[in-house]
Amino acid sequence: MTMAYPFTAVESKWQSIWKERRSNATPDDFSKPKFYALDMFPYPSGDGLHVGHPEGYTATDIVARFKKMQGYNVLHPMGFDAFGLPTERYSMTHNIHPAEATAKNVANFKRQLNMLGFAYDWEREINTTEPAYYKWTQWMFLLIYNSWYDDATEKARPIDELPIPQHLSEPKEIEAYRDSQRLAFISHIPVNWCEQLGTVLANEEVDEWKEKGYTVERRPMRQWMLRITKYAERLLKDLDSVQWPNSTKEMQKHWIGKSEGAEAKFQLLGSDESIWVFTTRPDTMFGATYLVIAPEHSLADRITTDEYREAVANYKAQAALKSDLDRTDLATEKTGVFTGGYALNPATGAKIPVWIADYVLAHYGFGAIMAVPAHDERDHEFAKRFGLPISQTVLPENGTVWDCEETPFTDDGTSINSSNSEISLDGLSTAEAKRKMTEWLENKGIGARKIQYRLRDWLFSRQRYWGEPIPIMYYEDGSRRALDSDELPLLLPDVSDFKPAGTGESPLANVEKWVNFIDKKTGRRARYETNTMPQWAGSCWYYLRYCDPHNENEFCTAEKERYWLGKNGVDLYIGGAEHAVLHLLYARFWHKVLFDYGYVTSAEPFARVFHQGLILAEDGRKMSKSFKNVVNPDEVTAKYGADALRVFEMFMGPLEASKPWSTNGVEGISRFLNRVWRLVADEGGVLSDLLQNAEMTSEQEYAAHSTIKKVAEDIDLLSFNTAISAMMIFTNELTAAEIRPRAAIEILVKLIAPFAPHLAEELWSILGNSTSVFEEKFPICDVSKLTRKTVEIVLQVNSKIRSKAIVHADISREDLEKTGLSDESVLKFLDGLTVRKIIVVPGKLVNYIAN
RNA sequence: GCCCGGAUGGCGGAAUCGGCAGACGCACAGGACUUAAAAUCCUGUGAGGCGUAAACCUCGUGUGGGUUCAAGUCCCACUCCGGGCACCA
């Protein structure tokens, strides 16, 4: 029997050696160039790792080990994002404390991660639920809370530096003004309330929980918000400076949703009130035949005449019952009611009706629009339904007739029917008309150019136990005090019941001993904020904590931050595409606040982001417990070894692609690793006789150095599948050789080390070395070995391949042209034809064009 | 509906700048070794044609057009699949 690679023994052997030697500990050695390779840290669920996890982790591990062999000081840490609903719910059903469940799950995750041989520096492990960690999450919340955004300097500044308007003199007024400017603030807004979960959900979380069968309704509640909208422009602009997947940048851009247009004031008839609208098409104002305001608009009731009061009240009540999802369902027909009120179109001077409809969203712009049914799909649909007038003010550019009664014309064109005694847009292009109309509005003081963003402020509070407490207290008079730094962390109380309070408050509201207390600093009776932070909070800054994980005085010392993050931030950040918008956007926002205060040196946290693709089940469907098609990495590792799992996951296809699992494929990789093993070792793990201190043949040198080039380039590109294929080709070549030169084998072992670290270490040891292969330099390609004396070229007649020839690499153009003319096959196809042209691509082909 | 990807043998995929399509792996078939099997090694493997064979020829990268001496690669139109957004004025 041929000796198979004894992976079980080898893998556990090297894992304990690495641990013993602290091989993966990262020194803060600032003399070396640094490389920061980061994984999106996992949520430690009770299910443990599935085969999707190791995909991204293996990729960063390969890059980290490769960079280390290239002489970089590599930071490659791991931690756990452990606060959140799943654990809290698990705790309730299993009657175990979330901290206990977390500890258990973390231990299992760590076992599995170590089983796979990832070179994590566990001395830097972090866990978002540990007080020593969340102390700084709270600290950052307070930094945000104690800040306002200075539009002049475009950065966050301490709230103490906020200029107070002269007319405010009462301390209470001043405090209220400050509160209105803070980057963390309290708002009473309609939120997504889930009764069964007893908490609000972020808009983006709603679908996830609805899919699981929970119901979610809209309910106005008191919530903490973060003013991320102040950073909209910077979050948009700085996307240009990072190396991220195009789709992710596009998604973030769309999420931020910048629109340029104008705001304009419409005077209400018989009132001194007016309605402001935002429009991206000020050029169509002459075609605005009615206004629509959202049901929640503050003027809704005042506009409404007695005759319509009942209908409006009914409509508003109906709209309030609908969820955001129902309201934004495109399939349903538009609804609305007339208020009885009228406004003046400032362009035409006409009296136009004001309607209420829920297709206008309260939270965007002013919650009101000027409706131009001739040039907007939605307004057209609404106008048709309710018989409102349609007035065309734009013609297609090519002058074709367009029936706006039938179909709205929404493209750019040429303005018509757009003039009054003061202004005429007629004949102007849409771009010119927009500019001129906006100018006119500005001059009349009834409008201005305006940039509007779709991005909304971040709903930051959750009514649950298992999250960071918000470090704010309230006194009996309703006033509030934020904790000082020396009072952090505000610890979660240790309780045994995590059920919601039943009042819409978090379980913390029921913890009498914790929630009510005497404030030591003031001696006053106080009550803590009972909301906790959302799961996103801890992940907003964890990449910073890895740089200085045990610092009790700062979240990260400046010196270490400067070294590890540098000018560009994390060098490589790999994780799932499901975090393309929220996590990456929220983390960027926090980073920018820290940047404004000089706590970090880079404007962006992650220089390069990459998303690994989904690993599907062997049947091509998503892996899911309900399909019973989930592949467990423990089983694969037991059967084929961790190295085989690692290499297979990298060999399956491009890292970013979704691809199905294949058990046969793992076997193939297992065979490949065995072939590599047998190149070096005979039965019993002794050095093979075929391995000798011989010179490499020039063919072997060529193979070795072209493989080095390919593997090194491909690791930088994260094209691991082709790097592995290159190593397979090199392995096959060496297997076929009578004599295997030691130098060639050593190159192969070093090349494969980042991919299959256990195998490489063992082979390196069998080769007679007592040190780790990871202390070796990664092989360097000697390009002189890549030049060949002869090359094979293709001979074509009329662009079809008719023959091939081997020629000297430095052959002259003239001689190349002649080459084919002595080739039998080429002559056969040229027979009876006259050569009109010869195309020569040096080193590649000669093409005879003849007729 | 809009935005972003993608489509290549029986399967996963390769082809980095427009220059030999199908590297590498899987699967399959034949052979060697073996009493036999497993393991391993060797050979073959896009489709079709002609042939005893070697060789040779034709077709072929989702569909239809185009540019070019030359197209998987560039351009135009379309089909299907995946991801995201979705009344954002």
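Here the structure is a predicted model, which means the values were calculated and not measured. Per chain, numbering begins at 1; letters A, B, ... match sequence-line order.
- At B:C4, none of the side-chain N or O atoms of A:Asn246 fall inside 4.0 Å of OP1 or OP2 (strictly under the cut-off).
- Remark: A:Tyr364 is in phosphate contact with B:A89, judged by side-chain N or O atoms under 4.0 Å from OP1 or OP2.
- For A:Ile839, the side-chain atoms get nearest to B:G19 when compared with the rest of B:C20, B:C87, B:G19.
- Between A:Arg671 and B:A39 there is no side-chain polar atom (N or O) within less than 4.0 angstrom of OP1 or OP2.
- Picking from B:A89, B:G25, B:U16 the nucleotide with the shortest atom distance to the side chain of A:Glu713 gives B:U16.
- In B:C42 the O4'-C1'-N dihedral to the base is more than 90° from 0, which defines an anti nucleotide.
- Both cation-pi conditions hold for A:Arg588 and A:Trp244: the charged atom is under 6.0 angstrom from the six-membered ring centre and inside a 45 degree cone around its axis.
- One interatomic measurement links the two molecules: CD of A:Glu817 to P of B:C69, which rounds to 17 Å at whole-angstrom precision.
- Rounded to a whole Å, the CG atom of A:Leu616 is 10 Å from the P atom of B:G83.
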Can you give me the N/O atom pairs linking the protein to nucleotides 56-60 of chain B at distances under 3.5 Å, or say none if there are none?
unit_1	atom_1	unit_2	atom_2	d
B:C57	OP1	A:Arg802	NH1	3.4
B:U58	OP1	A:Arg802	NH2	3.4
B:U58	OP2	A:Arg802	NH1	3.4
B:C59	OP2	A:Lys800	NZ	3.4

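- Applying the 90° cutoff around 0 to the glycosidic angle, B:G9 is assigned syn.
- Close to B:C69, at under 4.0 Å from its OP1 or OP2, lies no side-chain N or O of A:Asn851.
- OP1 or OP2 of B:C11 has not a single side-chain nitrogen or oxygen of A:Asn664 nearer than 4.0 Å.
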Applying side-chain hydrogen bond (donor to acceptor under 3.5 Å, both in side chains) to A:Ser415 and A:Asp283, what does each step give before you reach the verdict? CA-CA 8 Å; A:Ser415 287; A:Asp283 62 301; 4.6 Å; no
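- When the side-chain nitrogen and oxygen atoms of A:Arg621 are compared with OP1 and OP2 of B:G82, none of them lie within a distance under 4.0 Å.
- Residues A:Leu645 and A:Tyr640 form no side-chain contact, since every pair of their non-hydrogen atoms from C-beta on lies 4.5 Å or further apart.
- The A:Phe278 side chain lies nearest to B:A89 when the options are B:A89, B:G19, B:C41.
- With respect to A:Lys659, the salt bridge (charged side-chain N to carboxylate O under 4.0 Å, His left out) criterion is satisfied by exactly one of A:Glu618, A:Glu649, A:Glu55: A:Glu55.
- Each of B:G19, B:U40, B:C87 was ranked by its minimum atom distance to the side chain of A:Tyr359; first place goes to B:C87.
- When every heavy atom of A:Ile62 is checked against every heavy atom of A:Arg646, the shortest pair comes out as CG1-NH2, 4.3 Å.
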